[in-house]
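First the structure, in the form of structure tokens, and then the observations on it.
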Amino acid sequence: MKKELLKSALPADGFSDLRYQEYALTTIKGTKREIDTVAVVKKNGGNVRVLSGGAYGTYCFTDVNDVHHAVKEAKFASDLIPGKKQYQHVEVNSDHVVARPKTDPRTVSIEDKKALVQHYIDLFMDTPEIANLETEYYEQFTDTLILNNRGTDVRQEELIVGINFRITSKRGELTQITRLSFGGGEEYGDLLDQDEVVLEKARQTVALLDAEPVKGGNYDVVLDSDVSGLFIHEAFGHLSEADNLVGNASLSKTMTLGELFATEDFNVIDDPTLSGYPGSYTYDHEGTRAKKTHLIKSGKLAGRLHSLESAYFLNETPTGHARAKNYGFTPIVRMGNIYIDKGRQTLDEMIKSIDNGLYLFGSAGGQTSGETFTFAVQGAYKIEGGELKGLVRDLALTGHLFTTLKNIEMIGDEVNFSKSGGCGKGGQILIKSGKGSAPIKIKNMGIGGK
Amino acid sequence: MKTLLEKALKVSDSAEIYERKVESTSISILLGEVQGIESEKKTEISLRIVKDGKLGAAIATDRNDDTLVSRALISLTHQKSEAEPFPNTPISEVESYSEIVKEMTTETLVASAFDLVERFKTLAKEVAFGVEVSRTFKTVSMVNSEGLDASYDYSNVEVGIYTLNEKGFYNASRSFSGADFPVITDEDLLGMFREHQLDDHEVTLGNERLPVVFSGSVMGALMLRVVGGVSGANVTKGISPVTDKLGQKVFSELLTIRDDGRLPLGLNTCAFDDEGTPAQNTMVYENGVLKNYLLSVGHAKKLGMKPTGNAIKRALFSKEIEDVPTVFETNLIVEGPMTDDEALIRGIKRGLYITGVMGAHTGNINQGEFSMNISSGFLIENGELVGKVKGAMIAGNIYELFNEVEALGTKKEPMRGIFYLMGYSPMVKFREVSIVGK
């Protein structure tokens, strides 16, 4: 990295920062039984921001020799914006963070990685009625230099490795799709010895062919940790990203700290400093050290996720949550590892408390817009008279955030994190976004069938 | 590019270099204040090589990256592939860019955005709203060892405008897009304002079946599923519901769907696709009858057909240089017998007009299934929009729904897929759709 060249481009006045990133991605993808794509991607680029006028001017470049031009253009854009915004205090850091997994995937040969992926593919495809399988091994390594004109000089390596499967079972015209993920941290070792998990998922995917389609309506439901994690990410997490509040006084009022959102047993935390999950990191892409942040404490709104800009706007402390997909994008406020903290009930107690409801398992993607959210799940068990009964399929959920939060009646006593990340805010798919939860019970949840 | 091609040919039988240079600027304004101006200038290169009938690929951001060829060899060695010859079909010019947009400066873009702000403010007075305008200019060049040496320029301006409700959440919105600065009429803005005003007239629905009108924009959520069905990738894998249905009536005879990569000044117009196949105007469904699949070079060979110019470097959620050319739409055009938009709505006694959905990316897209939250939908009673529907979902399968088409509107809107715009559609009325309400 041409650090001195990059550093020399930063203007002295106002606030400005610069990220330069070397990006490497190895992927091994399969369709059905065959590995049809192996790619080793390498690309580099930078992103400059200048705040000399009323808001940021930013400029992304791929040729490092364009850095002076980038700074000039970014400053020109910022100066076009009426007003003058200046950060009084910016956390200044100087550090070099190196990824040090026990078994580094970059040291494993492509042949060995392929053999591992092929082994799991064969386990799935040898299962009768598994009709289609999409497999992706990914290993993303970034080496990012973050500089600003207040003195921050952070170089950070980030590594994430995992395997994602999308499994389709088929009988006649009926198909069912489930998903399975391994890894999501830095460790190659987490991908090994997963045969039993694969076989169980294959069995479940086939068993869903015998499930009844769900009848649309309102149900009392228990969400497993994976689905609860998706729920809190979609329904509440996005709303706690404070860049939504910049320039939006009405939403800031809706999100007043201290507001009662849920039962007093309900606690939501975002913690990028936990190690080994998709959303784990040390510094965000503005060079702020990541901070464990309580979002809901005892049912009340307790905090939010910040960038430098949103913290300045709300007069709060930056939490280290401004991140970008890669150098091609400007950092926006993103969740790290968001989770619903453990409560007091066992899963068994939650199920026993329901006379006629559903136990939902496996997340399958979601979306949010303001106060409404929706997400799909892979399947569910019926709950009748407090006991788990047969499988149901084809489920999607929808709800109103504030009503649904107040309808959470029970919180499980064990937190688990999903092994794959992913979030598409602002058109930036970020794989390093984690989610977890204790299982939760929600009353009167809207379930859509077909 | 030719030097790199020669270097690649030293280790391969044939080779192709794809290069794109992109410049873009976007501006975002909320409540009359500029939130930021973002620009980029990127050069990205992709190499594909063929050796002993196998294909390998690699990308870089620097032509002098000395690992590019060796990375393409790693890919060639390890992936199972059946390489097809790189095409060298004559490329004819298309109107894929506007000189005005090419020359547009940041100041002009900011001024255009503020023009729109002022216009909407005059119409809607106290309403809180935001405007986003982005301008892209791109040059794509390709050379291959079969003799192809072509390039085209592309420009695009995308304008989004949205209102906020009293709590500060997104309410009504509109998108406009084309190679030229899109024409936005007062009627467009007033239509959005009327939808905004209905936010405080909340209505709830039960579980019922209703006539439903999808706006041109929301048709994109359904067209994702149409594209999944006619994608050569899914047809050749045997997982498309319309495999072996060429020449058969699949949808209502009112529905015609084309994919027109040559549409003058269209939002995805290009001279050739990312494999070098010339852009075409492909009839996909004509009066409901399946006429063609959308095919890359490889899929066309497998099916004994011709490639359609739809192999595009993108994925469902990205348009990165490393995305392998995959079948996607260019400018998908939905058309049929036209009914006046207002008359179409006026003719409905009780029904639903949907202008926004969430969850388009979930469910079994390739099988045509959908189950989506209605994030912006309006109850129609006796031909009038009477309130905004809250908390309802819509579910079904396009292979049933598209046989229920009753009418198509007149004004075409850009269709929104998930992240990206995918072409143009008028509003479409369906006879009856299942709604899951309270």
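Computed over heavy atoms, backbone and side chain alike; hydrogens, waters and symmetry mates excluded. Letters A, B, ... are given to chains in the order of the sequence lines, protein chains preceding strands, and every chain is numbered from 1.
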A:R179: side-chain contact (heavy atoms from CB on, under 4.5 Å) partners, not counting sequence neighbours: A:R166, A:A364, A:Q378

Chain B contacts, top residue of A:N218, A:T254, A:N248 (heavy-atom pairs, under 4.5 Å): A:N248

Among the listed options A:G424, A:G45, A:A131, A:G53, the residue most often paired with chain B at heavy-atom distances under 4.5 Å: A:G424

Portion of B:L164 that has a non-hydrogen atom of chain A nearer than 4.5 angstrom: side chain

Closest heavy-atom pair and its distance - A:Y56, A:S78: C-CB, 4.3 Å

Partner chain A: residue of B:N364, B:T67, B:N165 with the largest heavy-atom pair count (under 4.5 Å): B:N364

Contacting moiety of A:D63, where chain B heavy atoms sit under 4.5 Å: neither

Interface residue of largest heavy-atom contact number with chain B, from A:E371, A:H69, A:K85, under 4.5 Å: A:E371

Pairs of heavy atoms under 4.5 Å with chain B: top-ranked of A:K253, A:E111, A:E73: A:E111

Side chain, backbone, both or neither of A:L239 within contact of chain B (heavy atoms, under 4.5 Å): side chain

B:E166 atom CD: more than 12 heavy-atom contacts under 6.0 Å: no

Contact summary for B:P241 and B:N366, nearest pair of heavy atoms: CD-O, 3.1 Å

Min side-chain heavy-atom separation B:I29-B:V34 under 4.5 Å: yes

Between A:T330, A:T403, A:T58, A:T37, the one whose heavy-atom pairs under 4.5 Å with chain B are most numerous: A:T58

A:E173 versus chain B, the contacting section by heavy-atom distance below 4.5 Å: neither

A:D36 portion near chain B, given a 4.5 angstrom heavy-atom threshold: both

Non-neighbouring partners of A:T374 that pass side-chain contact (heavy atoms from CB on, under 4.5 Å), sequence neighbours left out: A:Q367, A:T398, B:M358, B:N373, B:M393

Polar contact flag, side-chain donor to acceptor under 3.5 angstrom, A:D79-A:S52: yes

Over-ring placement of B:K313 relative to B:Y18, 6.0 Å and 45° cut-offs: yes

Atom of B:A60, atom of B:R71 and distance for their closest heavy-atom approach: CB-NH2, 4.1 Å

Residue pair B:F129, B:V117: steps toward the side-chain contact (heavy atoms from CB on, under 4.5 Å) verdict: CA-CA 9 Å; B:F129 70 99; B:V117 167; 3.9 Å; yes

Cationic N near anionic O, under 4.0 Å, B:D323 to B:R314: no

Contact winner vs chain A - B:H361, B:E322, B:K167, heavy-atom pairs under 4.5 Å: B:K167

A:F373 portion near chain B, given a 4.5 angstrom heavy-atom threshold: backbone

Part of A:K325 lying under 4.5 Å from any heavy atom of chain B: side chain

Toward chain B, the part of A:F313 with a non-hydrogen atom under 4.5 Å: neither

Listed partners of B:L31 passing side-chain contact (heavy atoms from CB on, under 4.5 Å), at least two apart: B:A128

Parallel, tilted or perpendicular: rings of B:F169 and A:F402 (30°, 60°): tilted

Region of B:H78 that comes under 4.5 Å of a non-hydrogen atom in chain A: both

Interchain contact, B:F419 with chain A, by part (heavy-atom threshold 4.5 Å): side chain

Contact winner vs chain A - B:G168, B:A360, B:G238, B:G391, heavy-atom pairs under 4.5 Å: B:G168

CD1-CD distance between B:I321 and B:E19, expressed to the nearest 0.5 angstrom: 9.0 Å

Interface residues of residues 22-31 of chain A facing chain B - heavy atom cut-off under 4.5 Å: A:Y23, A:T31

Contacting moiety of A:N326, where chain B heavy atoms sit under 4.5 Å: side chain

Max heavy-atom pair count under 4.5 Å with chain A, selected residue of B:I45, B:T43, B:D65: B:T43

Atom pair CD (B:E158) and OG (B:S134), whose distance is rounded to the nearest 0.5 Å: 5.0 Å

Chain A contacts, top residue of B:M372, B:E33, B:K237, B:Q367 (heavy-atom pairs, under 4.5 Å): B:K237

Partner of A:K75 under side-chain contact (heavy atoms from CB on, under 4.5 Å), chosen from A:V50, A:L80, A:V48: A:V50

Part of A:K114 within contact of chain B (heavy atom distance under 4.5 Å): side chain

Neighbour count >12 (heavy atoms, 6.0 Å) for atom NZ, B:K319: yes

